[in-house]
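Before anything else, here's the structure in question.
For clarity, every value in this text was computed on a predicted model and none was experimentally measured. Along the sequence shown, residues carry numbers from 1.
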Amino acid sequence: MNGAAVRVYSLAKDGLTPLSPHFKVREFACSDGTDTVFVSPALVEVLEKVRVHFGKPVTINSGYRTEAKNKAV
(Lines give C-alpha, C1' and ligand atoms only; values in the text may rest on other atoms or scores of the structure.)
Protein backbone atom coordinates (compact mmCIF):
# COMPACT_ATOMS: atom_id res chain seq x y z
CA MET A 1 0.00 0.00 0.00
CA ASN A 2 0.98 3.58 -0.54
CA GLY A 3 2.91 5.15 2.37
CA ALA A 4 0.99 8.45 2.29
CA ALA A 5 -1.89 8.48 4.76
CA VAL A 6 -3.86 11.17 2.91
CA ARG A 7 -3.35 13.15 -0.27
CA VAL A 8 -4.83 16.59 -0.87
CA TYR A 9 -6.39 17.60 -4.19
CA SER A 10 -8.31 20.54 -5.64
CA LEU A 11 -11.72 19.61 -7.03
CA ALA A 12 -11.49 22.39 -9.64
CA LYS A 13 -7.97 21.51 -10.75
CA ASP A 14 -7.80 17.76 -10.14
CA GLY A 15 -11.44 16.59 -10.26
CA LEU A 16 -10.96 14.48 -13.38
CA THR A 17 -7.60 13.08 -12.26
CA PRO A 18 -7.69 9.28 -12.11
CA LEU A 19 -6.79 7.77 -8.74
CA SER A 20 -7.13 4.22 -10.09
CA PRO A 21 -8.58 2.63 -13.22
CA HIS A 22 -12.15 3.14 -11.93
CA PHE A 23 -12.05 6.16 -9.58
CA LYS A 24 -11.43 9.88 -10.01
CA VAL A 25 -10.76 12.62 -7.48
CA ARG A 26 -14.21 14.18 -7.93
CA GLU A 27 -15.89 11.03 -6.59
CA PHE A 28 -14.33 11.67 -3.16
CA ALA A 29 -15.30 15.36 -2.95
CA CYS A 30 -17.56 16.67 -0.20
CA SER A 31 -21.10 17.37 -1.39
CA ASP A 32 -20.94 20.89 0.09
CA GLY A 33 -18.90 22.08 -2.90
CA THR A 34 -15.63 22.59 -1.02
CA ASP A 35 -12.66 22.67 -3.41
CA THR A 36 -10.27 20.74 -1.16
CA VAL A 37 -10.53 16.97 -1.43
CA PHE A 38 -8.68 14.64 0.95
CA VAL A 39 -8.18 11.08 -0.30
CA SER A 40 -6.61 8.06 1.35
CA PRO A 41 -4.67 6.06 -1.24
CA ALA A 42 -5.25 2.97 0.91
CA LEU A 43 -9.02 3.49 0.64
CA VAL A 44 -8.79 3.88 -3.14
CA GLU A 45 -6.79 0.66 -3.30
CA VAL A 46 -9.43 -1.26 -1.33
CA LEU A 47 -12.31 0.21 -3.36
CA GLU A 48 -10.53 -0.68 -6.61
CA LYS A 49 -10.12 -4.28 -5.43
CA VAL A 50 -13.82 -4.45 -4.52
CA ARG A 51 -14.76 -3.01 -7.94
CA VAL A 52 -12.58 -5.49 -9.81
CA HIS A 53 -13.66 -8.47 -7.69
CA PHE A 54 -17.38 -7.90 -8.22
CA GLY A 55 -17.08 -6.42 -11.72
CA LYS A 56 -19.64 -3.74 -10.87
CA PRO A 57 -19.43 0.00 -10.17
CA VAL A 58 -18.93 1.20 -6.61
CA THR A 59 -20.77 4.41 -5.72
CA ILE A 60 -19.07 6.62 -3.16
CA ASN A 61 -21.61 8.57 -1.13
CA SER A 62 -19.18 10.23 1.25
CA GLY A 63 -15.48 9.86 0.51
CA TYR A 64 -14.70 13.02 2.46
CA ARG A 65 -16.82 15.40 4.53
CA THR A 66 -15.78 18.79 5.80
CA GLU A 67 -16.27 19.54 9.49
CA ALA A 68 -19.13 21.91 8.59
CA LYS A 69 -20.86 19.21 6.53
CA ASN A 70 -20.49 16.68 9.37
CA LYS A 71 -22.11 19.14 11.80
CA ALA A 72 -24.96 19.79 9.36
CA VAL A 73 -25.63 16.09 8.97
Practice task
Answer whether the closest heavy-atom distance between the side chains of Leu11 and Thr34 falls below 4.5 Å.
Solution key: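 Counting from C-beta outward, Leu11 and Thr34 never come under 4.5 Å.
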Problem - Separation between CG of Leu47 and CD of Glu27, rounded to the nearest 0.5 Å - result: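 Answer rounded to 0.5 Å: 9.5 Å.
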Exercise for the section: Return the minimal non-hydrogen interatomic distance between Thr36 and Phe38, and the atom names on each side. Expected result: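 Taking Thr36 first and Phe38 second, the nearest heavy atoms are CG2-CE1, 3.5 Å.
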Handout entry: Inter-residue atom distance Ser40.OG - Glu45.CD, 0.5 Å rounding
Key =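 Reported value, rounded in 0.5 Å steps: 9.5 Å.
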Exercise for the section: Quick one: closest heavy-atom pair of Pro41 and Ala5, and the distance? Expected result: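 Closest approach of Pro41 to Ala5, heavy atoms only: CD-O, 3.7 Å.
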Handout entry: Phe28 side chain near Ile60 side chain, heavy-atom distance below 4.5 Å
Key =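 A side-chain contact under 4.5 Å exists here.
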Handout entry: Minimum heavy-atom distance Cys30-Arg65, with the two atoms named
Key =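 Nearest pair, atom of Cys30 first, then Arg65: SG-CA, 3.8 Å.
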Practice task
Any chance you could measure Thr17, atom OG1, to Arg26, atom CZ, to the nearest 0.5 Å?
Solution key: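 Here the rounded value is 10.5 Å.
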Practice task
Kindly indicate whether the side chain of Leu19, heavy atoms from C-beta on, has any atom under 4.5 Å from the side chain of Glu48.
Solution key: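 Side chain of Leu19 against side chain of Glu48, heavy atoms only: no contact under 4.5 Å found.
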Practice task
Compare all side-chain heavy atoms of Phe23 with those of Val58 and state whether any distance is below 4.5 angstrom.
Solution key: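 Result yes, sub-4.5 Å side-chain heavy-atom pair found.
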Exercise for the section: Say whether Phe54 and Val44 are linked into one hydrophobic cluster, either directly or through other cluster members, by side-chain heavy-atom distances under 4.5 angstrom. Expected result: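 Same cluster.
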